[in-house]
Protein chains: 2
Amino acid sequence: MAVKNNYVCSLGLTIDLIGGKWKLMILWYLIKDSKRFGELKKSIPNISQKVLTEQLKELESSQIISRKVYPTVPVTVEYSMTAYGESLIPLIHDLCEWTKQYASENDIEISGD
Amino acid sequence: MAVKNNYVCSLGLTIDLIGGKWKLMILWYLIKDSKRFGELKKSIPNISQKVLTEQLKELESSQIISRKVYPTVPVTVEYSMTAYGESLIPLIHDLCEWTKQYASENDIEISGD
DNA sequence: TGGTATAGTTACGAAAAAGTGACTACGAAA
DNA sequence: TTTCGTAGTCACTTTTTCGTAACTATACCA
């Protein structure tokens, strides 16, 4: 799911940028606040450490989030939204609302956000 | 990517409903007009027949698109947006616009829509 | 009788994504 | 000197998704 440099349709790029099983969810947890790796790990249900690091790297390399290392002991790493990430927030909200509506009309239970 | 009946986060459901490599793109081509199977196949670059039928079935079963069979010879099948699909159009547009903006700022070429 | 067109299905394999568990580096504290 | 906590990495397996090619059904038409 690495970003290429040409697409036949913009939605193809959309999918590469924020598609996949986890990226939207990761972004969701960063909307409210920047978070450390461990906090994200704890917040996001069932995500594995490996996948979390992978997805964070991809989101970072596409400039949607940024990664800041603090030289504490042990090191802490903070992830936060960049300007691109911020510009995505309303869209994520809309998707979320649309989905909640869908869920409620179709008796699908959503236990978290 | 079948829709389950409970989720810990609404975005998990979002992904099941319209995530994956092809669903958004299929919907994109249905925004303008309803289309027959063959037209979709021709319009969507590089999609295989198998994947197209699979994805159409999933979108139909989640009531985002509808399928109508015309008893012509040979049969023609027309796919179109349902009310759910229609309600998704502005979100798809927004995603598309966001992505185009992203692409233009990052020298990513988009040859089609 | 054979060819054409639409809209599929089916079997198979390849590739991509995700999951698991063990491992590393760092320095502080016990 | 061993243990702890953060933030990973690495090798491996499983699962999911995607792609290819061949096949089906139907009925018209030549």
Side-chain angles (χ1 to χ4, degrees), chain A residues 1-4 7-9 11-26 29-30 34-62 65-80, chain B residues 1-4 7-9 11-26 29-30 34-62 65-80:
Chain A
M1 201 168 269
V3 173
K4 299 181 272 290
Y7 289 83
V8 275
C9 169
L11 291 166
L13 172 56
T14 314
I15 292 300
D16 282 356
L17 286 170
I18 57 167
K21 189 170 173 183
W22 297 107
K23 289 209 178 84
L24 278 179
M25 232 176 284
I26 292 172
Y29 288 99
L30 289 175
S34 54
K35 289 217 167 51
R36 287 187 293 120
F37 182 84
E39 293 179 302
L40 281 172
K41 177 91 182 57
K42 267 171 233 157
S43 315
I44 304 173
N46 301 320
I47 196 167
S48 72
Q49 194 143 347
K50 195 200 77 171
V51 169
L52 181 54
T53 48
E54 278 172 2
Q55 303 298 305
L56 287 169
K57 265 185 197 169
E58 291 185 14
L59 287 168
E60 193 202 354
S61 86
S62 43
I65 64 174
S66 68
R67 178 178 182 272
K68 195 168 177 185
V69 180
Y70 293 93
T72 53
V73 170
V75 280
T76 53
V77 178
E78 193 182 75
Y79 292 93
S80 54
Chain B
M1 201 168 270
V3 173
K4 299 181 273 290
Y7 288 84
V8 276
C9 169
L11 291 167
L13 172 56
T14 314
I15 291 301
D16 281 356
L17 287 170
I18 56 166
K21 189 170 171 181
W22 297 106
K23 290 210 179 83
L24 278 179
M25 231 176 286
I26 292 171
Y29 288 99
L30 289 175
S34 54
K35 289 216 167 52
R36 287 186 294 120
F37 183 84
E39 292 179 301
L40 281 172
K41 176 94 184 55
K42 269 171 230 157
S43 314
I44 304 174
N46 301 320
I47 197 167
S48 72
Q49 193 144 350
K50 196 200 76 171
V51 169
L52 181 55
T53 48
E54 278 172 2
Q55 303 298 304
L56 286 169
K57 265 185 198 168
E58 291 185 14
L59 286 169
E60 192 202 355
S61 86
S62 43
I65 65 174
S66 68
R67 177 177 183 272
K68 195 167 178 185
V69 180
Y70 293 93
T72 54
V73 170
V75 280
T76 54
V77 178
E78 193 181 74
Y79 292 93
S80 54

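Below, chain A is the first sequence line, B the second, and so on; all start at residue 1. These numbers were taken from a predicted model, which means no experiment stands behind them.
We find that CG of B:L56 is positioned 14 Å from C1' of C:dT6, with the value rounded to whole Å. Taking atom CG of A:N46 as the reference point, atom P of C:dG19 lies 8 Å away to the nearest angstrom. One interatomic measurement links the two molecules: CD of A:Q49 to C1' of C:dG19, which rounds to 12 Å at whole-angstrom precision. Spacing between atom CD of B:E78 and atom P of C:dG8 amounts to 12 Å, rounded to whole angstrom units. Atom CD of B:E39 is separated from atom P of C:dA5 by 16 Å (rounded to the nearest Å). Atom CD1 in A:I44 sits roughly 12 Å away from atom P in C:dG19 (whole-Å rounding).
Between A:L24 atom CG and B:I15 atom CD1 the span is 4.5 Å, to the nearest 0.5 Å. Atom CG of B:L13 is separated from atom CD1 of B:I18 by 9.5 Å, given to the nearest 0.5 angstrom. Summarising the geometry, atom CD1 belonging to B:I26 is positioned 9.5 Å from atom CD belonging to B:E58; distances are rounded to the nearest 0.5 Å. Atom OG of residue B:S61 and atom CG of residue B:L17 lie 9.0 Å apart, to the nearest 0.5 angstrom. Here the straight-line distance linking atom CD of A:E78 with atom CD1 of A:I65 works out to 11.5 Å at 0.5 Å rounding.
A search for side chain to side chain donor-acceptor pair (under 3.5 Å) contacts involving B:S66 returns B:S80, not counting sequence neighbours. In this view, A:Y29 satisfies the side chain to side chain donor-acceptor pair (under 3.5 Å) rule with no residue, not counting sequence neighbours. Not counting sequence neighbours, B:S34 has no partner by the side chain to side chain donor-acceptor pair (under 3.5 Å) test. Looking at residues two or more places apart in sequence or on another chain, you find a side chain to side chain donor-acceptor pair (under 3.5 Å) between A:Y79 and A:R67.
For DNA chain D, the neighbouring residues in residues 69-76 of chain B, judged by any heavy atom under 4.0 Å, are B:V73.
Between B:K4 and B:Y7, the shortest heavy-atom distance links the atoms N-OH, 2.9 Å. B:D16 and B:A2 get closest at one heavy-atom pair: OD2-O, 3.5 Å.
Protein chain A contacts DNA chain D over a range whose 5' and 3' limits, counting nucleotides with an atom under 4.0 angstrom from a non-hydrogen atom, are D:dG5 to D:dA11.
Applying the salt bridge (Lys or Arg N to Asp or Glu O under 4.0 Å) rule to pairs touching residues 34-47 of chain B yields nothing, sequence neighbours excluded.
Fit an axis to the five pairs at each end of the helix from C:dT1-D:dA30 to C:dA30-D:dT1 and the two axes sit 30° apart, to the nearest 10 degrees.
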Where protein sits on nucleotides 11-18 of chain C, one letter per nucleotide: B base, S sugar-phosphate only, - none, heavy atoms under 4.0 Å: B-----SB
Expected list for residues 45-54 of chain A: side-chain donor-acceptor pairs under 3.5 angstrom, two or more places apart:
from: A:S48; atom 1: OG; to: A:V51; atom 2: N; distance (Å): 3.3
from: A:T53; atom 1: OG1; to: A:Q49; atom 2: O; distance (Å): 3.2
from: A:T53; atom 1: OG1; to: A:K50; atom 2: O; distance (Å): 2.7

